[in-house]
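First comes the structure, then the notes that go with it.
No hydrogens, no waters, no symmetry mates; every other heavy atom, side chains included, goes into these values.
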Amino acid sequence: MGKRIRKLKKQRLHSEGNDTLLFSLFILIALSVLLWRCFDTKVPFWCFASVFSVLYLIMLNFFRCPKRFLDVDDTNNLVVAPADGKVVVVEEVDEDQYFHERRIMISIFMSLFNVHANWFPVDGHVKMVKHQDGNYHKAWLPKASEENEHADVIIETPNGVSVLCRQVAGAVARRIVTYAKPGEECEIDDHLGFIKFGSRVDVYLPVNAEICVKMGQSTTGDQTIIAKLR
């Protein structure tokens, strides 16, 4: 892709959380006012305000949408983490839906405390985007990758390597948002999508890829290099 231009890192809230955050804030304020006015003692108010203020801050963290930049001049052949979270799977699997060959699958589980914005794992162009309905098993279970509702994005790198990135819904997640569109160019640092409330992202790589992460390792989306393509 040539020499990359350094960009400023900025923090912002994701537009996917606007309705949820505004509605929750309204409920929090309304109930706080009722508790303050309806009880002589202020203990119920302070208990409610303390607990739900913490929960609201967790929600704010969840809907953060950081603008990140991988500080590397040449991103050819690099694969970065598409999400914040923890590596829960690194193994060879039979990918029979698209590639019909053995692939290395790296899965990153996002807890409620992680940012849930997703990034493109490689530079290239989007070959395919497909959404598939399914179940809502717990996201860290092996069967979740194929049986849960998910969205698949296949990206072809400048060197002709196809990579599958799969956004997977979890037991609580009920909304997968995918910004990728077939035929468009994409780069590391660009947002691929967003998943609400506890889920995972899988990346399927060629078996000769050099894996740079291990089980249980924490990842930062668009910052952690998880593999190098050969």
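Note: S107 OG to E91 CD = 7.5 Å, rounded to the nearest 0.5 Å. In this structure, CZ in R230 is found 5.0 Å from CD in E210, a value given to the nearest 0.5 Å. Here CZ of F194 is found 8.5 Å from OG of S199. Values are rounded to the nearest 0.5 Å. Separation of atoms CD1 (I225) and CD1 (I211) is listed at 13.0 Å; rounding is to 0.5 Å. In this structure, CD on E95 lies 6.0 Å from CG on L164, to the nearest 0.5 angstrom. To the nearest 0.5 angstrom, C165 atom SG is 9.5 Å from L205 atom CG.
Contact check for V80 versus I226: no side-chain heavy atoms found under the 4.5 Å cut-off. With a 4.5 Å cut-off on side-chain heavy atoms, Q167 and T178 count as touching. At least one side-chain heavy atom of I195 sits less than 4.5 Å from a side-chain heavy atom of M110. Looking at P82 and V203, their side chains come closer than 4.5 Å, going by heavy atoms from C-beta outward. For the pair V168 and D202, the minimum side-chain heavy-atom distance is below 4.5 Å. In this structure the side chain of D133 reaches within 4.5 angstrom of the side chain of H131, judged on heavy atoms. Between M128 and V153 the shortest side-chain heavy-atom distance does not fall below 4.5 Å. I155 is not listed as a side-chain neighbour of S162, based on a closest heavy-atom distance of 4.5 Å or more.
Across every non-hydrogen atom of A209 and L229, the tightest pair is CB-CD2, 4.2 Å. Closest approach of M215 and V88 over heavy atoms only: CE-O, 3.0 Å. When all heavy atoms are compared, the tightest approach of V90 to V87 is CG2-CG1, 3.4 Å. When all heavy atoms are compared, the tightest approach of F109 to N114 is O-OD1, 4.2 Å. Here the closest heavy-atom approach between residue G221 and residue D84 is recorded as N-OD1, 2.5 Å. Minimum interatomic distance between T219 and K86 (heavy atoms only, all atoms of both residues): OG1-N, 4.4 Å.
Y204 and L192 end up in different hydrophobic clusters when Ile, Leu, Val, Met, Phe, Trp and Tyr side chains are linked at under 4.5 Å. In this structure, V89 is a member of the same hydrophobic cluster as V93, with clusters built from ILVMFWY side-chain heavy atoms closer than 4.5 Å. If you chain together hydrophobic residues whose side chains sit under 4.5 Å apart, I108 and M105 never meet in one group. Residues V163 and V129 are members of one and the same hydrophobic cluster, defined by side-chain heavy-atom contacts under 4.5 angstrom among Ile, Leu, Val, Met, Phe, Trp and Tyr. F26 and F48 fall within the same hydrophobic cluster, where Ile, Leu, Val, Met, Phe, Trp and Tyr residues are linked whenever their side-chain heavy atoms come under 4.5 Å apart, directly or through other members.
The closest donor-acceptor contact from the side chain of T220 to the backbone of T224 lies at 3.5 Å or more, if one exists at all. The backbone N or O of A83 lies less than 3.5 Å from no partner atom in the side chain of N118, so there is not a single donor-acceptor pair. With hydrogens and angles ignored, the 3.5 Å screen pairs no side-chain donor or acceptor of Q223 with any backbone N or O of R68. Between the side chain of D190 and the main chain of F120, no donor-acceptor pair closer than 3.5 Å is present.
R37 forms no cation-pi arrangement with F39, by the criterion of a distance under 6.0 Å to the ring centre and an angle within 45° of the ring axis.
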Worksheet entry | Verdict with reasoning, E156 to V161, per side-chain contact (heavy atoms from CB on, under 4.5 Å) | CA-CA 5 Å; E156 185 174 285; V161 179; over 6 Å; no
Practice prompt. Show your working on side-chain contact (heavy atoms from CB on, under 4.5 Å) between I154 and V126 and close with a plain yes or no.
Written response: CA-CA 6 Å; I154 294 181; V126 179; over 6 Å; no
Worksheet item: Can you list the steps and then say if H150 with R200 is a side-chain contact (heavy atoms from CB on, under 4.5 Å)?
Response: CA-CA 10 Å; H150 58 270; R200 67 190 261 184; over 6 Å; no
Item to complete: For side-chain contact (heavy atoms from CB on, under 4.5 Å), just list the numbers for T75 and L70, CA-CA rounded to whole Å, side-chain angles, deciding distance to a tenth of an Å, and then say yes or no.
Response: CA-CA 9 Å; T75 55; L70 182 65; 4.1 Å; yes
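With no hydrogens or angles considered, a side-chain donor-acceptor pair links N77 and N159 at under 3.5 Å. Inspection of the D152 and Y98 side chains reveals an N or O donor paired with an N or O acceptor under 3.5 Å.
Aromatic ring orientation, W36 versus F45: perpendicular (interplanar angle above 60°, classes split at 30° and 60°).
Under a cut-off of 6.0 angstrom, the local environment of NZ in K42 is crowded, with over 12 non-hydrogen atoms contributed by other residues, nucleotides or ligands.
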